[in-house]
Amino acid sequence: MKKIYTIAFIYLLATSLYAQCWQTVSAGRDHTIAIKPNGTLWAWGYNGYGQLGDGTKVEKTAPVQIGVDSNWKTVSAGSNSSLAIKTDGTLWAWGDNLFGQLGDGSYANVRLVPTRIGTDSNWKLVSEGSQYGLAIKTDGTLWAWGDNTFGQLGNQAVFAIIPRQVGVGSDWAAISAGDVHTAAIKKDGTLWAWGFNSYGQLGDATTTSKPTPTKIGSDTNWQSIDCGSEFSLAIKTNGTLWTWGSNYFGKLGTGTFDDKNVPTQIGTSNNWKSISAGYYNAIAIKTDGTLWGWGEVIGTSNDRRNIATQIGTDTDWLTPSAGERHAFAFKTDGSLWAWGNGNWGKLGVGSYLDFSAPQPVTAPAPSGSINQFFCSATTINDLKVIGSNLKWYSTPTGGDPLQLTTPLENGKSYYASQTVSGCESATRLNVTVSVNLLPTPPPPGPSSTIFCGPSTLNNLSLVGTNINWYATSAGGAPLPLSTTLVDGTHYFASQTINGCESSSRLEIVTNAEITPAPTYIASIREVCGEFNIYSVFSVLYNPVYLTPTGGSRIPIQTKVIDGNTYYVSEVGKCGESLARTKTVIKINRTPSPISLANEKWISIFAGDDFSEAVRDDGTRWYWGSNLNGSDIPNPVRSSDSWRFITGNSDNTMGIQTNGTLWLNNRQVGNQIDWLTMASSWSFNTIDREWREHYSAIKTDGTLWTCIAITNGPWIDKYFCL
C-alpha cells in the first residue's frame, strides 16, 4: 500500500547525530518495516498476524531486527502483511495470508518469518495492499496476487496465491497498491488504474470498478503515484501535485470535503518532490525541504485539515511514508522521524504515546543511576551506565564527545548516549556526579558496650549510615550481622556516606553481663510460724522456684513449707539470672513469751516476726526471729542503757540513756541529744536498695529526718538531715 522510500547514498554521507541510521522505511496500517544502511531488516508496531516477521505475534514499541540477513534492498508494509526484495532479486513475504496475499502458493493463516516467494531472482519493485500484493520485475513486467474481489489484481483472476502477470506489457515503471485499488505509471509517463472505484479513486471520471488496467486521461508527464485508502496522490514532472477519490477527513487536501473522480490539482505550487498516501492522511515534501500534511493527524495537532499545512519549520526533509493516522519522514542527514497516533507502538519510539511533532526513531538512551558518587578524584571512564558504544557529552544535545580521561567535577552533570546498529540515541542519560574529596568519618559511638546474654552484631546500635563491622581496624571483609558477640572482644565499625566508606573505624570492646544469683539469701532460712513466699524472701522483684532451673515462678502468696528447698533468682538490668540461690526453710514454733507482768516497761516495738522492749531500768529485751542467726524464742536482755526503742518490719532503731542514736546496734552519728523518733521503709527498684526513713526529735525540740540505705540485712550508709 505504501510507496517505499530509500535514501540515496549521497545523503548517507551527511554527518549528523542520526546519520546512517536508516535507509528504507514503509509504514503499514499499524506496523512499520525498515532497512538500515548495512542491509539489516527491522520492524515495529502491531504484530497480531506476525507481520513484523520476528517469529512472534508480540507487538514491539521500538525497532527489532528481523533475522540476521544483511542483504535486504526494499520493503513494503500493507495492512497485516509485509513484502520485501533482497539485493539478489529474490522476493519474500510474511504476515497474514488468509487470501493468499503472501503469494507463496498457500492459504496458510500466517507466516511469522520472511518466506521466499517462488524461485525468480529478478524482482525490482513491490507494493503491498490491504490483502494483495504487486511487484515489477527488472524486465518491466507487472505481477499481482492475493484478493481480487474488486479487480484490484488487474489480471481478471478471482484469487491468485502465486504471482500472476498483469497483461503482457513490459513497460511498467511505478506501482502502488491501495486498500482495494491499484495505480501505476508506465515508462512513457502515462497513468493507469484498476480495482474498486466507488469514490472515484481510479480517476477515470466514473465510480465504476475496473478489473483491468485503465488509462487515466491522456497526460504523459506523470512522475510518481501513491494510493491510500480509497484515494490517490500523484506528482507530475512539472512539480505539480494531484489527488482524487474519497475526501473523508479532508485527505485530498483540496480545501473541501468533496470527493473527486478525476485528478485534481492541490494548490498552485509546482515544487512538490515526494508524496505518501496513508489511510486517513497524506504527507508531502517540497523541493525546498519543507514538510506538509493534511487529513487526520498531520503532525501539528490531532485535528483534520482539508488543505496542505506545513509541519514545523525545518527545511531538510527528504521523503515521507504515511500509515494509518501516523507518518514517517526521512531528513537529508539520513535520520528517520515519526509522529501521529502511537497505538501498538507503531511509531517505534519506545512508547504508545501520540506525538503531534516529529520524533527521532533512534536507539534509546542508555540506562543507569542518574546520581553517581565517587570517593576520590576520577574520570569519565569511571561512570557506570548500561548501554553499547557509549559516548559522553557535557550538554544534553549537540557538542563533541568527551574524552574518557576527562576528570569528573563535583556537582556537574554529564550526558551519555549509546549507538545501536549504527544509530546513536537522540536522547542522553543525565548523570549528576558527586566527588567526595573529604574522607568519610567513622560512626560516632562509645568505646565499649555491655550486652546481656547471647547477642550478635545486629544487637549493637550505632548512629551512622550503612554500618559495616570488622574484626580488625583496617582491611578484612565485613562481618555478618549474625556474628555472635564474644565477651572482651574488640570490634571495628565503619560507615558509608554517598558510597564512600570511612577508612578509619570506631573501636568497640564488648562486655558480657549476666545477672548473678542473689548473694544475700541464706542457705537456711529460719522463720517463726506460718509465712508466705513474699514475707520470707521479700520477692516483690525476686522470683522463687522449686527447681534450680526451669519450672514456674511460685506465686508470692504461697505459704512456705518447713524443710522445703527453694531457689531464688535475681532480676537485674540484663534480665533474670540464669543461676538461682538455694535455701532451705526451717520453721520454728516460738513458745508463749515469759510473763513480765510485774515489770515496768517504758518503750516497746514489734516488727514482722520479732519484738523488742525497754524496761524502766534501761535494759533492752528482744525475742523472735533473728534474720542472720538463730531465732530467739524467749526474751533476752541486751544492755541497761536504753530509754527508747522503735523500728520497722526488719530493723530496729533506739536511743540510749546518754542521748546517742543507734540503728541495728550501730551508732548513727555522734550526737548525744536525741529524745524520740518514728520510722518507715521503702525499696528503690532502680538501684535495688532498701531505704529506712526515720523522723527524730532532739532534746532542744528540733525535728530531724534520718535515712539508712541497706543492701539485704546490712547497713551500707546512713545520715540525718
Side-chain angles (χ1 to χ4, degrees), residues 525-531 535-536 538 587-683 689-721:
R525 297 297 304 272
E526 295 189 26
V527 297
C528 299
E530 300 294 329
F531 291 93
S535 300
V536 173
S538 298
I587 299 179
N588 295 319
R589 306 299 176 182
T590 305
S592 301
I594 298 173
S595 175
L596 300 174
N598 297 324
E599 303 294 336
K600 290 185 178 181
W601 302 90
I602 62 174
S603 182
I604 190 168
F605 166 73
D608 276 355
D609 47 15
F610 70 98
S611 299
E612 295 196 23
V614 177
R615 209 165 59 181
D616 61 352
D617 61 0
T619 59
R620 177 182 171 193
W621 297 75
Y622 52 86
W623 60 94
S625 174
N626 186 10
L627 182 62
N628 296 295
S630 300
D631 292 342
I632 304 171
N634 295 306
V636 175
R637 176 178 173 176
S638 62
S639 68
D640 56 0
S641 59
W642 298 89
R643 72 171 181 225
F644 178 80
I645 191 76
T646 187
N648 52 41
S649 60
D650 293 315
N651 298 293
T652 302
M653 180 170 270
I655 299 175
Q656 291 190 357
T657 54
N658 62 4
T660 57
L661 178 64
W662 295 76
L663 174 62
N664 289 345
N665 295 321
R666 296 178 63 181
Q667 185 175 345
V668 179
N670 299 317
Q671 293 91 339
I672 59 174
D673 53 352
W674 296 101
L675 178 63
T676 186
M677 63 175 51
S679 69
S680 66
W681 64 273
S682 65
F683 183 74
E689 296 173 336
W690 291 96
R691 293 183 178 180
E692 311 287 343
H693 304 273
Y694 296 88
S695 296
I697 299 175
K698 287 187 177 184
T699 56
D700 61 3
T702 57
L703 179 63
W704 294 73
T705 296
C706 300
I707 299 175
I709 300 176
T710 66
N711 183 8
W714 310 111
I715 300 174
D716 290 340
K717 48 190 172 183
Y718 43 82
F719 48 89
C720 294
L721 303 172

Is a side-chain N or O of Ser641 found less than 3.5 angstrom from the main chain of Thr657, in a donor-acceptor match? no
With rounding to the nearest 0.5 angstrom, report the CD1 to OG1 distance, Ile697 to Thr699. 11.0 Å
Listed by chain and number, what are the side-chain hydrogen bond (donor to acceptor under 3.5 Å, both in side chains) partners of Asn658, not counting sequence neighbours? Thr660
Interatomic spacing from CD in Gln656 to CZ in Arg643 - rounded to 0.5 Å: 10.0 Å
CD-CD1 distance between Gln671 and Ile655, expressed to the nearest 0.5 angstrom: 11.5 Å
Non-neighbouring partners of Asp616 that pass salt bridge (Lys or Arg N to Asp or Glu O under 4.0 Å), sequence neighbours left out: none
Can you see which heavy atom on Gly654 is nearest to which on Trp642, and at what distance? C-CZ3, 3.6 Å
Under the rule for side-chain hydrogen bond (donor to acceptor under 3.5 Å, both in side chains), what residues qualify as partners of Asp700, not counting sequence neighbours? Thr702
So, for Ile645 and Arg620, which heavy atoms are closest and what is the spacing to 0.1 Å? CD1-NE, 3.9 Å
Might you point out which heavy atoms bring Leu661 and Met677 nearest each other, and give the distance in Å? CD1-CE, 2.6 Å
side-chain hydrogen bond (donor to acceptor under 3.5 Å, both in side chains) with Thr652: which residues, sequence neighbours excluded? Glu612
Of all heavy-atom pairs linking Trp662 and Met653, the shortest is O-CG, 3.0 Å
More than 12 heavy atoms of other residues, nucleotides or ligands under 6.0 Å from CD1 of Ile602: yes or no? yes
Can you tell if the side chain of Trp621 reaches within under 4.5 Å of the side chain of Trp601, non-hydrogen atoms only? yes
